[in-house]
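What follows is a set of notes on a single structure, which appears directly below.
Note on naming: letters A, B, ... go to the chains in the order of the sequence lines (proteins, then strands), and numbering restarts at 1 for each one.
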Number of protein chains: 2
Amino acid sequence: MKNYELVLHRVEADLAAGRLRIGGRLPGERALAEQLGISRPSVREAVRVLEAMGVVRTATGSGPEAGAVIVAEPVSPLTAVLRLHLATNHLPMGDVVQTRLLLESWSAREAAARELGAGELKVAEELLDRMDDAGLSPEEFHVLDAEFHVALSGLAGNVLIAAVMTSLRSAIHGYVLAAVPNLPDWEATAVGLRSEHRAILAAVRGGEPERAAELVTAHIRGFYQAAQLAPFGGGEGGTAEAEDDDRADDKVQ
Amino acid sequence: MKNYELVLHRVEADLAAGRLRIGGRLPGERALAEQLGISRPSVREAVRVLEAMGVVRTATGSGPEAGAVIVAEPVSPLTAVLRLHLATNHLPMGDVVQTRLLLESWSAREAAARELGAGELKVAEELLDRMDDAGLSPEEFHVLDAEFHVALSGLAGNVLIAAVMTSLRSAIHGYVLAAVPNLPDWEATAVGLRSEHRAILAAVRGGEPERAAELVTAHIRGFYQAAQLAPFGGGEGGTAEAEDDDRADDKVQ
DNA sequence: CCTACCCTGTGGTCCGACCACAGAGGTAGG
DNA sequence: CCTACCTCTGTGGTCGGACCACAGGGTAGG
C-alpha cells in the first residue's frame, strides 16, 4: 500500500468513527506525518486528494480558518470528474444530457409531491423574477436558468441527486451556451422559456407531480431541439415510449 | 493559483485538445516539472489528484504499462466521493438508496425499450445461473446480485448512469450486507430474489419497459422492506406518496 | 487603554537524494 | 548462431530538510 493511502484510510476511518467532524481540523501535516511514520510529501499528496474529493479545505496562516478544515462539498469533485471524463471523449455528452433530464424530471415530480414551505419556493421564484429582465444577455439568462433548475432539483430533498444535478449543469453549461446561436430567434425562445418556468413552478407549488415532471421534460427537450443539440429519445430522459407510470404505491412501509 | 493546479489545467486542456488520449502517457514527472517551471512534488500532487479522478493510472518500472497512463475510470472516483461523504454523515444513506432505485428502474425501462443483442443479455443470464447455487453464502449471493444489477443498468446504454449505479452499489454493499441478519428467513428470501431476477430479465428481453421498471422497483423495495432498512417512499425511488422521510442525517455538529 | 510589532504555527514550494521496479539491450555461455 | 543472463536506464515512490508567505495572537511600547 502506498504511503499516502495510509492517510486516506486514516481520515476516512476517523470520519466514520466520529473522531473527525465537519468544521473540525486535520492534524498539521508535520504531525500527521510523524504519527503515521511517513514523510510530509506523502501526507500532502493525501491531503490534496481529500481536497479534490471535497472533504477538506486548506488555507495558510493561523486561526480557525487556517489549516486543513473538514468540509462536505460533494459538488466540486463531481464536477471535476465529469469535466475530466468529458474531456477524454469517453463520456458522451448525450449521456450527460439524458441523465440530467432523468434527474430533473424526477426532482420536479418529487418536489411537487412534498409539502414545501413558502420559503423553499421563494428562492426559485426570485430567480424567475430576475429572469424577466428583458435586457439580459443569453449568457446572463442562462446562468439564472441554471440556478433555477438547480434550485428546483434541490426541492426534492435528496442531497445526492441535488449535488449530481448541480455538477451536471456545470458540465453542460458551456455546451448549451455554445448552441445559443443556433436558435432562430433568441428573444422568442426566452419568452417561451420564461412561461414554461412559471408553469413548472406552479405545478410544483400546486402539488401536481406528474404535470410538473411532464412540463420539465418538455421544457428541456424543447430547448435542446430548438438549439439543435444532442438528440435523445422519448420519455423522461429515456428512449422508452410508454409513460403511464402507475406506480405500485400503497406498499410503502 | 497553486502550482499543482497548473498541471491539472494543462492535462485537462491536453485531453480536450486531443493531445492526450486514452492509452497515452503523461510526460515523466521530472519532465513535466521542468516544462511548467515547478518542482516535482507539485507535479506529484497533481498526478495523485488525476489518479484519484480516474484519469491516469501510475505504475513503476519501464515499458508501455509503466509511468502515468491515461485511462478513463469514472467508477472509482465516484465511489470514493460517495464513501467519503457518507462517512461525514452529511449524505444520508436513504438518499443514496433512493437514487439507486431511480437509476435502476430507469435503466430497466430503458434497456427493455432497446434492441439488445443476445450477447448483451448473456452476461446477466450467466450471473443468474451462478446465483442458483444453493450453497452460496449471503455474502457471495449479494456480490453476484450486485453484479447482476450493475450489468442490468449497463444495458440501458448510458455510460454515466451505469458508472453512477456501479458506485452506488459499492457504497451500499456493506450497508445491505449488515442487514441480512434482519431477514426472518434468508433461504426463503433468496428464492424470492432469484425468481424476481428472472422475471426482470424476461421483461427486459421481452421488450416490456414499464413491466421491467415495475419489477425492479418492487424487487428492490421488497428487499429493503424485508431487511428493515432505509425507509423510502413510493414511486420509482421517490417519496411521491408523501411520507416525510426523516433521515437521521442531523447527527454530527 | 490602545496600538504596533514580533513570534509562532500553518500550508506552499522547492531541492536533492535514494529506493524499488521492470523492461531493453548488451554480453557471456552454450 | 542462439539463448540465457545480467547490467543499464528510466520510471514512479519516498524521504529529510530547508525556506517562503501568510494570518492570528501575544506582547512591548506608546
Take atom CG of B:L26 and atom P of D:dG12, then tell me their distance rounded to the nearest Å.
8 Å
Write down the distance between OH (A:Y4) and C1' (D:dT14), rounded to a whole number of angstrom.
14 Å
Base, sugar-phosphate, or nothing for B:R57, non-hydrogen atoms under 4.0 angstrom?
nothing
To the nearest angstrom, how far is A:R44 atom CZ from D:dA18 atom C1'?
14 Å
Spacing between B:L36 atom CG and C:dC14 atom C1', to the nearest angstrom
15 Å
Check the phosphate of C:dG12 against B:N3, side-chain N and O only, distance under 4.0 Å to OP1 or OP2. Yes or no?
no
Distance in angstrom units between A:E45 CD and D:dG12 P, rounded
12 Å
Can you check the B:E51 CD to D:dG12 C1' distance for me, whole Å?
10 Å
Rounded interatomic separation in angstrom, taking CG from A:L32 and P from C:dT10
12 Å
Indicate, with yes or no, if the rings of A:H173 and A:H142 have centres closer together than 6.0 Å.
yes
Check whether any side-chain N or O of B:E34 sits under 3.5 Å from a backbone N or O of B:A31 as a donor-acceptor pair, and report yes or no.
no
Scan A:L82, A:L78, A:V164 and name whichever one has a side chain to side chain contact (heavy atoms under 4.5 Å, CB included) with B:L78.
A:L78
Answer yes when A:E73 and A:R57 have at least one side-chain N-carboxylate O distance shorter than 4.0 Å, and no when they do not.
no
Where the side chain of A:D14 meets the backbone of A:R19, is there a donor-acceptor pair that is under 3.5 Å apart?
no
Salt bridge flag under 4.0 Å for residues B:E51 and A:K2:
yes
Letter by letter from the 5' end, nucleotides 17-27 of chain C scores (B base, S sugar-phosphate only, - none; protein heavy atoms under 4.0 Å) BB--BBB----
Between D:dT11 and B:T58, is there an OP1 or OP2 to side-chain N/O distance shorter than 4.0 Å?
no
When the nearest nucleotide of DNA chain D is assigned to B:E29 and to A:S39 on a heavy-atom basis, which residue is associated with the more 5' position?
B:E29
Output the rounded distance in Å from CZ (A:R48) to C1' (D:dG13).
18 Å
Short question: side chain of B:E126, backbone of B:V123 - any donor-acceptor pair under 3.5 Å?
no
